[in-house]
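Here's the structure, in structure tokens; my notes come after.
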Amino acid sequence: MLRLLLTASALNLLLVLPLWWRFGALGSPLIAWEAWFIAPAMLLLPSGRWRRLIGCGVVSAVALATAVNLGEAATYTAFGRPLNLYLDVPLVRSIYHLLVGNVGQPVAVCLLLAGGVLLLLLLWGLLRWLMPATHLARGQGRRKVALAVLGAAACLALLQLQGSGLVPNASLPIIKTAHFQWEQGVATHRARQAFTAQLEEAPLAAQALPELAGRNVLLTFIESYGVSALNDPRYNRTLLLTLEDINRRLAASELHVVSGLVESPIQGGQSWLAHATTLSGRWIDNQLWYRLMLDSGHSTLIDDFRATGQRTLSVMPAITLAWPEGRAYGFDEIAAAKDIPYAGPPLNWVTMPDQFTLDYTQRELLGDAPLFAQLALISSHAPWTPVLPVLENWSLVGDGSIYAPWENAGDPPEVIWRDLERIRDHYAWSVDYAVSVTGRWAERVVDEHTLLIVLGDHQPAPLITGDDASAAVPVHIISGDPALLAPFKQRGFVEGMLPPLARPQDAPPMSQLRHWLQQDFGR
């Protein structure tokens, strides 16, 4: 029964390979009982229309389970959490745009088409193997072997379902995946109903912040700046020295700084969820919650500062497409990539370097009227290449054409990402660049009438942090007026650029930042 053995083995491998990637363990699980049930069952079915229909259904179920488990492994690798079909389908578009940003649209389209063709060929081949031109009715010996394999697999699968598995390293990938996604879907639907009711029944009202009236408040996110950059020896050697240098520079400029940690709702990506959590004061950890919050007209910090008298601005150099969310937030002005006259080259996914973004914001966007601005910096976004130098003479930044030599500098992402240690080195250097230029920018824009809030949006992917890393991110509050920092010190922030790192798992949620501003600077 060579055909039965080969068909069941190929199907078994197809089902367990995504699990090996997900759990990082080759050979665990080793056996997928569904494969040893499906292969003999299909070979035993008589030829005909029903056999073809059942075969198409079986192949579809196997393909769906395999795709979901591959998505589970990819989602965990990128975001450190399981795949949730109820929530994550909209991310497919974001994955496409990330791929385009790293390798260009022609290559991205070719890769996707090649993947689609490969998948169709795989499914067609699987269908042919499961449904040969002749079935086993003509060979009684082969039929008995197939029945024996079918019966044994069914019995062992039932025992596995009851928690009494007799064979180690065996699993039921199709059944377990379907059950897990169903339970997640039910729980998420209930959570959606509860979140919607919460938005309607207990809204957070807009509140003026008179203690910040007449001041510039600059909320600045640094991409992928997580606590691991400070407490992991693989990354902190350079960055801790950078923080010390920023401390000295701020002190020399008679500026004050306190630092702390907050917990981000996400890891590895989807920065806009961290932005939404901070602005809204709600815990927004998925795309559905994000849409529900925006569609509900929920108030945000934009409304608080508008009530205080500030002009509101969003600087988003990563936004290259239409951004209706910006209008939903209600910013008075939005500076997306197309609105910023950058004459330099794009640097893989990064549309423009952080130092240019900060310099342009200071020169052209801050103005004289009191302002609340959200800035989302992007130089420390994966793939973390090329790494730029900090230009000490900011007058050289100009229109960004000075960055032309770095367009093809260093190895491209496809080379860097072959070596895990090189990826980690580039991550550390990229974050160090982003923090360095932000610290130098603080010297230029902060005075006694300014409150600069600098925070990471999220930790990088588990590939960088490890599986058990805290979701905490650093927060630095900088001002020329020490009275503005006193409330943060009362909440556990410490003086200087280095936050307390002893227990990052106890960091308060990022959503608290809006509540603190309302409580400490409101009426």
Side-chain angles (χ1 to χ4, degrees), residues 97-108 218 220-225 238 242 271-272 313-323 326 333-367 373-417 422-423 425-445 454 457:
H97 290 309
L98 180 62
L99 191 61
V100 169
N102 282 325
V103 300
Q105 188 173 40
V107 176
L218 309 176
T220 305
F221 290 94
I222 295 180
E223 171 67 37
S224 300
Y225 179 31
T238 300
T242 295
S271 302
W272 59 91
L313 164 71
S314 182
V315 182
M316 304 293 287
I319 298 296
T320 57
L321 302 173
W323 192 46
E333 182 180 357
I334 296 171
K338 66 179 179 58
D339 306 309
I340 301 174
Y342 173 63
L347 303 168
N348 292 311
W349 187 88
V350 175
T351 58
M352 61 194 73
D354 289 348
Q355 189 166 10
F356 173 83
T357 300
L358 294 170
D359 184 62
Y360 176 77
T361 299
Q362 179 187 359
R363 287 187 287 108
E364 304 294 338
L365 300 178
L366 292 189
Q374 174 201 252
L375 296 87
L377 303 181
I378 55 174
S379 286
S380 46
H381 192 290
W384 304 309
T385 181
V387 179
L388 301 177
V390 177
L391 302 178
E392 292 293 342
N393 185 353
W394 287 65
S395 65
L396 297 177
V397 174
D399 63 1
S401 56
I402 192 173
Y403 293 107
W406 283 276
E407 182 173 10
N408 298 307
D411 287 329
E414 59 268 24
V415 174
I416 299 292
W417 282 70
R422 290 194 72 191
I423 298 171
D425 287 341
H426 277 70
Y427 165 72
W429 298 332
S430 297
V431 171
D432 182 67
Y433 167 81
V435 173
S436 295
V437 296
T438 306
R440 284 162 171 73
W441 187 63
E443 298 174 59
R444 299 165 59 82
V445 300
V454 179
D457 53 7

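Index from 1, following the sequence.
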Taking distance alone, no hydrogens or angles, what donor-acceptor pairs closer than 3.5 Å link side-chain atoms of residues 397-406 to residues at least two apart or in another chain?
unit_1	atom_1	unit_2	atom_2	d
Asp399	OD1	Ser401	N	3.0
Asp399	OD1	Ser401	OG	2.8

Identify, with sequence neighbours excluded, every residue that meets side chain to side chain donor-acceptor pair (under 3.5 Å) alongside Ser314.
-> Gln374
Write out all pairs satisfying salt bridge (Lys or Arg N to Asp or Glu O under 4.0 Å) with one or both partners inside residues 337-350, taking only residues at least two apart or from two chains.
-> none
Between Thr385 (side chain) and Pro413 (backbone), is there a donor-acceptor pair under 3.5 Å?
-> no
When every non-hydrogen atom of Glu223 is compared with those of Ile378, the smallest separation belongs to CB-CA, 4.2 Å
Return the set of residues passing side chain to side chain donor-acceptor pair (under 3.5 Å) with Gln362 (not counting sequence neighbours), or none when no residue passes.
-> Arg444
One should read off an interatomic distance between Leu388 CG and Gln355 CD, to the nearest 0.5 angstrom, of 9.0 Å
Contacts of Pro346 that satisfy side-chain contact (heavy atoms from CB on, under 4.5 Å) - sequence neighbours left out | none
Got a second to check how far His381's NE2 is from Asp457's CG, nearest 0.5 Å?
-> 8.5 Å
Results of ring-ring contact (aromatic ring centres under 6.0 Å, His included) for Tyr342 - residues two or more places apart only | Phe356
To the nearest 0.5 Å, how far apart are CD1 in Ile319 and CD1 in Ile334?
-> 9.0 Å
Side chain to side chain donor-acceptor pair (under 3.5 Å) involving Ser379 - partner list, sequence neighbours excluded = Asp354
Where at least one partner belongs to residues 425-436, residue pairs that pass side-chain hydrogen bond (donor to acceptor under 3.5 Å, both in side chains), sequence neighbours excluded | Thr242-Asp432
Across all chains, not counting sequence neighbours, the side chain to side chain donor-acceptor pair (under 3.5 Å) partners of Glu333 are Arg311
Spacing of Leu366 atom CG and Thr361 atom OG1 [to the nearest 0.5 Å] = 6.5 Å
Going from CE on Met316 to CG on Leu377, what distance comes out if it is rounded to the nearest 0.5 angstrom?
-> 10.5 Å
Report yes if the side chains of Trp441 and Leu375 come closer than 4.5 Å at any heavy-atom pair, otherwise no.
-> yes
Could you walk me through whether Arg422 and Val415 pass the side chain to side chain contact (heavy atoms under 4.5 Å, CB included) check?
-> CA-CA 9 Å; Arg422 290 194 72 191; Val415 174; 3.9 Å; yes
Not counting sequence neighbours, which residues clear side-chain contact (heavy atoms from CB on, under 4.5 Å) with Ala428? List them please.
-> Tyr235
Tell me the salt bridge (Lys or Arg N to Asp or Glu O under 4.0 Å) pairs involving residues 382-394, sequence neighbours left out?
-> Arg249-Glu392, Glu392-Arg440
Considering all heavy atoms of both residues, which atom of Asn348 and which atom of Pro386 are nearest to each other, and what is their separation?
-> ND2-CD, 3.7 Å
When rounded to the nearest 0.5 angstrom, what distance separates CH2 in Trp417 from CH2 in Trp384?
-> 4.5 Å
